[in-house]
Amino acid sequence: MKVVPVAHRSAAEHVRSQLIELIESRYFAVDDRLPSEADLAQSFGVSRSVIREALHSLNALGLTKSFAGKGTFVAATQVQSQLLIGRYLPAQLNEVRRHLEVPAARLAAERRTQEDIDGLAELIEEFDRTDDPAERIKVDARFHIGIAQATGNPLFSRLVEDLRAVLQDQALAVSASPGRAAQARAEHRAIFEAIRDGDAELADLSMRRHLAAVASVAAASSASASDAVAPAPGVPDSDS
């Protein structure tokens with residue numbers, strides 16, 4: 001297997017991109033078992049925690065499936081959306097979100113129906129009682145898509161759906177951040193209440209604050225990933 005060792009920031013993103021290329025090029029075919037975490041860590045020159053993060057991303061993209069005690073297997077050789085090419089920086093994703101989801105929140109406050117309000121209220125309650133980070137990001141995605149649907153413009157919901165798929169790996173890292181769940185609950189509720197009350201200005205502001213908080217945690221997570229790069233060859237991996 002030909003890979004390029006990672007020696008700088010955003011280690012998990014680099015590993016993920018190279019694994020995606022190996023899968024899309026059919027180096028690994030459907031049902032093939034990927035090398036173990038230890039073998040991948042050695043090949044890429046990173047710690048096993050970086051490999052685990054990259055594999056979580058591949059699972060979220062639908063390219064692989066992991067089974068306890070058996071390993072990770074290729075489930076598909078192409079991501080479902082053309083946007084899912086795994087080569088976007090967190091800052092680029094956040095910039096797009098600001099220009100897409102902030103106007104959507106404003107329009108949702110102006111155009112929402114009672115059905116939209118009821119649906120968003122149910123998602124707020126479901127998010128509040130969900131503790132598992134992986135399950136919580138699914139509810140989070142449905143909440144943001146629900147806001148887009150409340151605009152009444154089907155293009156908003158289509159674009160947000162594609163964008164949410166791209167954000168799966170970032171969302172996992174952000175959702176697992178200590179204390180983030182409680183913050184997200186409060187931010188979501190503020191957005192919902194503004195939309196429910198028809199306050200477009202407050203919906204705009206609440207969504208801006210929410211996205212800024214997500215961007216801050218994502219940036220911190222990305223910086224932490226760079227610290228997880230393995231030491232020079234010959235130095236034991238602390239995750240082993």
Discussion item. Measuring from atom CD of Gln42 to atom OG of Ser36, what distance do you get when rounded to the nearest 0.5 angstrom?
Written reply: 9.0 Å
Worksheet item: Do Leu55 and Thr64 have side-chain heavy atoms sitting under 4.5 Å apart?
Response: no
Item to complete: Side-chain contact test, heavy atoms from C-beta onward, threshold under 4.5 Å: evaluate it for Leu107 versus Asn153 and give yes or no.
Response: no
Worksheet item: Between Ser206 (side chain) and Ala203 (backbone), is there a donor-acceptor pair under 3.5 Å?
Response: no
Item to complete: Measure the CD-CG distance between Glu135 and Asp140 for me, rounded to the nearest 0.5 Å.
Response: 12.5 Å
Item to complete: Decide side-chain contact (heavy atoms from CB on, under 4.5 Å) for Tyr27 and Val74; before the verdict, give the C-alpha distance in whole Å, the side-chain angles of both, and the deciding distance to 0.1 Å.
Response: CA-CA 11 Å; Tyr27 182 91; Val74 176; over 6 Å; no
Worksheet item: CZ of Arg189 to CZ of Arg196: how many Å apart, nearest 0.5 Å?
Response: 8.5 Å
Worksheet item: How far apart are the closest heavy atoms of Pro35 and Leu40, and which atoms are they?
Response: O-CD1, 3.5 Å
Fill in: Side-chain touch Glu95/Arg98, heavy atoms, less than 4.5 angstrom
yes
Item to complete: Run through the side-chain heavy atoms of Ile, Leu, Val, Met, Phe, Trp and Tyr, join any pair under 4.5 Å, and report what else lands in Leu123's cluster.
Response: Val102, Ile117, Leu120, Ile124, Phe127, Val139, Phe143, Ile147, Ile191, Phe192, Ile195, Met207, Leu211
Discussion item. Just verifying a value: how many Å separate His188 NE2 and His210 NE2, rounded to the nearest 0.5 Å?
Written reply: 3.5 Å
Discussion item. If you count heavy atoms of other groups shown closer than 6.0 angstrom to CG of Asp31, is the number above 12?
Written reply: no
Item to complete: First locate atom OG1 of Thr151, then atom CD of Glu110, and finally report the distance between them rounded to the nearest 0.5 Å.
Response: 10.5 Å
Discussion item. If I compare all heavy atoms of Val15 with all of Ala54, which pair ends up nearest, and what's the gap?
Written reply: CG1-CB, 3.6 Å
Worksheet item: Heavy-atom distance under 4.5 Å between the side chains of Glu122 and Glu125, does that happen here?
Response: no
Item to complete: Over all heavy atoms of both residues, which pair between Arg48 and Ala38 is shortest? Give the atoms and the distance, please.
Response: NE-N, 4.1 Å
Discussion item. Within the structure provided, determine whether Val50 and His14 are in side-chain contact (heavy-atom separation under 4.5 Å).
Written reply: no
Discussion item. Quick check on Arg33: does its CZ atom have over 12 non-hydrogen neighbours (other residues, nucleotides or ligands) under 6.0 Å away?
Written reply: yes
Discussion item. To the closest 0.5 Å, what do you measure between OG1 (Thr72) and NZ (Lys65)?
Written reply: 12.5 Å
Worksheet item: Taking all non-hydrogen atoms of both residues, which atom of Ser157 and which atom of Gln149 are closest, and how far apart?
Response: CB-CG, 3.6 Å
Worksheet item: Hey, quick one: are Phe73 and Leu22 part of the same hydrophobic cluster, counting side-chain heavy atoms closer than 4.5 Å, chains of contacts allowed?
Response: no
Worksheet item: Is atom CD of Gln114 surrounded by more than 12 heavy atoms (other residues, nucleotides or ligands) closer than 6.0 Å?
Response: yes
Item to complete: Take Val214 and Arg97 through the side-chain contact (heavy atoms from CB on, under 4.5 Å) test and state the conclusion after the steps.
Response: CA-CA 11 Å; Val214 170; Arg97 292 193 73 183; 3.9 Å; yes
Worksheet entry | Expected output: side-chain Arg185 to main-chain Asp128 donor-acceptor under 3.5 Å | yes
Discussion item. Given 3.5 Å as the limit, does a donor-acceptor pair link the side chain of Asp116 with the main chain of Thr113, or not?
Written reply: yes
Item to complete: Using modelled atom types only, decide if a donor and an acceptor are shared between the side chain of Ser216 and the backbone of Ala212 within a distance under 3.5 Å.
Response: no
Worksheet entry | Closest approach of Ala76 to Ile23 (non-hydrogen atoms, all atoms of both residues) | O-CG2, 3.3 Å
Discussion item. Using side-chain heavy atoms (C-beta onward) and a distance below 4.5 Å, is Leu19 in contact with Leu63?
Written reply: no
